[in-house]
Structure formats: structure tokens, C-alpha cells
Amino acid sequence: MSEPKKLFIKTYGCQMNVYDSERMVEALGGNGYVEVDSPEQADMVLLNTCHIREKAAEKVYSELGRLKLIKDERPDLKIGVAGCVAQAEGQEIMARAPVVDLVVGPQSYHRLPEMEKAIQKGEKPVDTDFPEEDKFEHLNKRARTLRGPTAFLTVQEGCDKFCAFCVVPYTRGAEVSRPKDRIVREAQELVDAGVREITLLGQNVNAYHGHEKGLAGLIWELAEIDGLDRIRFTTSHPNDMDDALVDAFGTCEKLMPYLHLPVQSGSDKILKAMNRKHTRDQYFHLIDRIRAKRPDLLLTSDFIVGFPGETDQDFEDTMDLVRRVEFGASFTFKYSTRPGTPAAEKPQLPDDVANERLYALQALITKQQRAAQDSMVGREVEVLFEKKGRLPGQIVGKSNYLHAVHAVGPESDIGQIRRVKIVESGPNSLAGVLV
Ligand code: 5AD
Ligand code: SF4
């Protein structure tokens with residue numbers, strides 16, 4: 001048997017890319033590749049890129065600069081760019097970075113095995129189509145080896161919302177939902193491979209319409225799978241939280257008490273300018289309804305500060321919303337101008353104003369995050385242990401609220417859900433004892 005070829009894949013951006021990277025590794029496995037953890041060891045390097053903010057996109061070019069040095073030494077090294085920068089820039093990437101051998105968009109990566117054969121012949125393929133065929137149906141079965149107890153599963157891709165700041169509707173295309181039967185089949189394959197927790201992914205996951213009863217219908221169907229104990233989903237839009245999904249937080253035991261529900265801003269004026277199509281009051285009302293079903297829900301959000309036209313008062317409205325809702329954690333971003341999006345046409349705010357707001361919001365969010373974590377001390381939570389910890393005898397996993405928890409326990413508990421009493425809240429994780 002010939003020596004396996006070695007693939008290094010670097011993933012930027014969101015969890016959808018993490019999922020896509022796994023599937024790309026599986027797809028290239030059929031061409032004789034195994035994954036390695038550094039570009040120096042690799043025969044092929046793939047960058048699975050993110051285009052959401054300017055910084056994310058620029059990182060790709062600096063990484064390509066570093067890879068060029070390796071390729072200068074080893075001209076046989078093949079370099080590919082996948083993901084959303086590939087989609088947005090296509091052929092231009094090759095012009096800007098001639099070291100690149102292939103460019104593949106997020107909807108075409110099931111064609112990677114053929115593309116890999118083409119680059120071996122010296123071709124430089126670019127594929128950023130939105131093909132008719134379902135890429136998932138052309139991919140290999142989910143791998144059985146090396147699988148931990150948690151997994152991502154993409155159920156929906158693309159977005160029709162067209163928030164004024166966002167490139168996703170352009171890079172990932174229109175909303176498409178995968179048929180429910182195929183998702184159930186993939187979930188079963190994952191469970192057969194030892195997975196206990198699945199996070200359903202989509203750019204607009206709660207706009208899922210591959211089931212007649214929407215995402216809630218899919219969740220209930222997945223909840224029937226024996227051995228699948230935990231279900232999560234991300235990322236949701238407030239306007240797609242239908243009654244059935246809100247109810248599921250109160251009635252579906254396997255649905256975890258954690259929800260990422262980005263609001264972006266607390267100002268009605270900015271929400272309107274962002275084309276979010278809801279008000280702050282509608283958001284408050286929705287949160288009240290979900291918390292009525294699941295009072296212990298841990299809620300997180302995304303925020304953008306410094307959006308064009310944001311005044312001090314608008315920003316204060318965001319701070320006020322955060323104080324009222326009390327988030328368990330959140331991501332805060334400084335607005336980044338994305339060419340081709342409507343907001344890019346508007347007058348931009350001075351950078352120092354945006355920076356100041358970002359720090360103020362981050363400080364508030366960090367305080368809330370700490371408070372949520374500290375409030376776990378003394379409580380008993382269920383932890384799905386995922387791996388060994390850094391200290392001898394330690395194992396680490398996630399609570400139902402997605403807090404990282406470590407405890408002293410047997411390695412045989414890895415892959416199992418155990419009751420843990422939380423005894424300490426550290427900077428990034430909780431310490432507990434098995435009960
Ligand atoms: N600038 C800053 N943040 C952005 N996001 C999306 N587009 C931009 C942009 N142009 C943020 C939003 C979204 C998250 C994934 O990234 O908060 O929810
Ligand atoms: Fe982007 Fe808005 Fe769609 Fe989210 S809902 S992916 S922020 S356009």
C-alpha cells in the first residue's frame with residue numbers, strides 16, 4: 001500500500017466552517033489523504049476561510065504569504081482556498097496569490113476529490129458554483145474513527161435576510177434546507193460512531209423548512225434517536241423563533257437550555273437601518289416567552305457597535321438592552337465595512353468612537369458572563385465529558401448550559417454524561433466534583 005498523502009486544513013470563522021472542514025477531510029480521505037496538524041508536514045494545505053469581517057478575510061492573505069515560504073522550499077506542496085473568501089473572490093485569489101492551486105466555494109467542496117486529481121496534473125481549478133446537486137449526497141458517510149461525543153450537523157445553509165451589514169446572503173447564497181430524512185440518517189451515523197450531543201447548524205437554522213413542522217419538528221424527530229442525549233442549534237434569527245420552537249424549550253428534554261439569539265443592537269433606529277425587521281420590544285417579548293418555558297435558559301447574542309449612523313443614544317440603548325436581558329455570554333464586533341453590502345454605502349463612524357463603544361460593551365458582557373458562570377457554584381449540572389484535562393486524573397466536558405467543566409474522574413467517563421456539583425468558577429471554566 002502506498003504512503004498516505006497528508007492534508008492540513010486550517011479553519012477560520014464559524015461552526016459551519018468547522019463542519020465543512022470535517023467533511024472536506026472525509027472527502028479527501030477517498031483520495032488517500034490523512035489529516036495532519038501542521039502545514040510543514042503536509043502535501044496539501046487547505047484554508048477554509050471566512051469573509052464576514054475585513055480582518056477575517058485579510059488573515060487569509062497573510063497565511064498564504066507564510067505558506068509561500070514553505071512552498072518555495074517544497075514546490076510539490078499544493079495549496080487550496082475554500083470557504084467564503086473563495087466564494088467571494090474566486091479567480092482573483094489566484095491573481096493576488098499565485099501560490100494557490102485550487103479555489104473551492106462552500107457549495108462545491110464535494111467536487112474536491114476531482115479537483116485534487118486535476119491539481120496533480122498541474123491544473124489550477126476554480127469552482128464557486130451553486131450547483132443543482134446536493135453536495136451532502138455526494139460526500140462520504142460520516143467517519144467512525146476519532147469521533148468525540150459531540151458533533152456539528154449542518155441542516156440549513158444560506159440566508160435570505162439581507163441584514164444591511166452582512167455578506168452571508170452573497171457568499172452562502174439563498175436559504176436551502178436539507179431534507180429531514182437525510183439529516184436523521186446522518187445523525188444516526190454520528191450516534192453509531194459514539195456521538196451523544198449534536199449541534200444543528202445553519203446560517204439561519206431556525207428558518208429550517210425541510211420538515212413540515214420546521215426546526216422544532218426536526219428536533220422532535222431527532223430526539224427519538226436512542227443514544228442521542230443532547231440537541232442544540234445555532235444560529236437563529238429572532239423573527240424565525242416560531243411557537244413550536246419556543247415550546248420545545250419547555251417540553252423537549254433533549255433540547256439543551258442554551259440559545260444563541262443575535263440581536264445586534266438595542267436601538268430601534270439602528271435595528272431598522274440594519275434591516276433586522278424587528279424592534280427591541282419584540283426581542284424583549286420573545287425572550288420573556290422563551291424564559292417562561294425555560295427559566296434557567298442561558299442566552300447569548302451577537303452585537304455590532306459603530307454601525308453607520310449609531311449615536312451615543314443608540315449605543316446607550318444597546319447597553320440598556322444588555323442590562324435588561326442579562327446574557328450568559330455574547331460576541332461583540334466592531335462594524336466592518338463589507339463591499340457590496342448596503343451599509344457600506346453609508347458614512348462610516350470614526351474608529352475611535354467605535355473602539356470606545358466596543359470596550360464599554362465588552363466590559364458589560366464580561367461582567368454578565370462572570371455572573372452567569374459564578375451562579376453555577378453550588379449547583380448540580382449534567383456534564384458530557386469530552387476529553388482528558390491538562391492535569392493528571394482530570395477530565396473535561398460541557399454542562400447543559402455549555403459551560404466548560406473540569407473534574408477529577410475516571411477516563412472511562414469520557415463520552416458519558418455525569419452529574420457534577422460545581423465547586424469553583426475559574427476564569428474560563430468551572431470546577432466540579434462527580435456526585
Ligand atoms: N461587521 C461586523 N460584524 C459583523 N457580523 C456580520 N457582519 C458583520 C460586519 N460587517 C457579525 C454579526 C453576526 C456575526 C456572525 O458576525 O454580529 O451575527
Ligand atoms: Fe447575515 Fe443577517 Fe443572514 Fe445573519 S440573518 S447571516 S446577520 S444576513
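When a ligand or atom number is given, it counts from 1 through the structure's own listing order. Values reported hereafter were calculated over all heavy atoms of this structure, with side chains retained and with hydrogens, waters and symmetry mates removed. Small disclaimer: the values here were computed from a predicted structure and weren't measured.
For Gln41, the CD atom counts as densely surrounded, since its 6.0 Å shell holds more than 12 non-hydrogen atoms of other residues, nucleotides or ligands.
Ionic pairing of Glu221 and Lys213 is not present here: no N-O contact between side-chain nitrogen and carboxylate oxygen is shorter than 4.0 angstrom. Looking at Glu386 and Arg196, no side-chain N of the basic residue comes within less than 4.0 Å of a carboxylate O on the acidic one, giving no salt bridge.
Residue contact check: Ser336 has heavy atoms under 4.0 Å from atoms 1 (N), 2 (C), 9 (C), 10 (N) of ligand 1. Residue His237 has at least one heavy-atom neighbour below 4.0 Å for each of these atoms of ligand 2: 5 (S). Under a 4.0 Å criterion applied to the non-hydrogen atoms of Gln264, ligand 1 contributes the atoms 12 (C), 13 (C), 17 (O), 18 (O).
Thr49 places a side-chain N or O within donor-acceptor distance of the main-chain N or O of Ala82, the cut-off being under 3.5 Å. Remark: side-chain polar atoms of Lys124 are paired, donor with acceptor, to backbone N or O of Val100 under 3.5 angstrom.
For atom 15 (C) of ligand 1, the closest heavy atom belonging to the protein is Asp302 OD2, 3.7 Å. Given atom 2 (C) of ligand 1, the protein heavy atom at minimum distance is Lys334 O, 3.4 Å. Scanning all protein heavy atoms for the shortest distance to atom 6 (C) of ligand 1 gives Ile52 CG1, 3.4 Å. Among protein heavy atoms, the minimum distance from atom 5 (N) of ligand 1 is reached at Arg53 NH1, 3.4 Å.
The shortest non-hydrogen separation linking Val322 to Ile365 is CG1-CD1, 3.9 Å.
Sorted by chain and number, the protein atoms of type N, O or S within less than 2.8 Å of atom 1 (Fe) of ligand 2 are Cys166 SG.
Close N/O approach between Tyr335 and ligand 1 is not found [any backbone or side-chain N/O within under 3.5 Å]. Checked against a 3.5 angstrom limit, the closest N/O atoms of Arg338 and ligand 1 fall outside it.
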Under 3.5 Å, which donor-acceptor pairs do the side chains of residues 84-99 form with other protein atoms, sequence neighbours left out?
from, atom 1, to, atom 2, distance (Å)
Gln87, NE2, Thr128, O, 2.9
Glu89, OE1, Tyr61, OH, 2.4
Arg96, NH2, Glu58, OE1, 3.3

For the pair Phe233 and Leu245, evaluate side chain to side chain contact (heavy atoms under 4.5 Å, CB included) and give the outcome as yes or no after the intermediate values. CA-CA 11 Å; Phe233 59 89; Leu245 196 52; 4.0 Å; yes
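Residue Phe165 touches ligand 1 through backbone and side chain together, judged by heavy-atom distances below 4.0 Å.
The ring pair (Phe, Tyr, Trp, His ring centres under 6.0 Å) with Phe303 is formed by just one residue from the set Phe315, Phe327, Phe331; it is Phe327.
The closest approach between a heavy atom of Arg276 and any atom of ligand 2 is below 4.0 Å.
In this structure, a donor-acceptor pair under 3.5 Å is absent between the side chains of Ser336 and Glu54.
Aromatic pair Phe162/Tyr170: centroids less than 6.0 angstrom apart.
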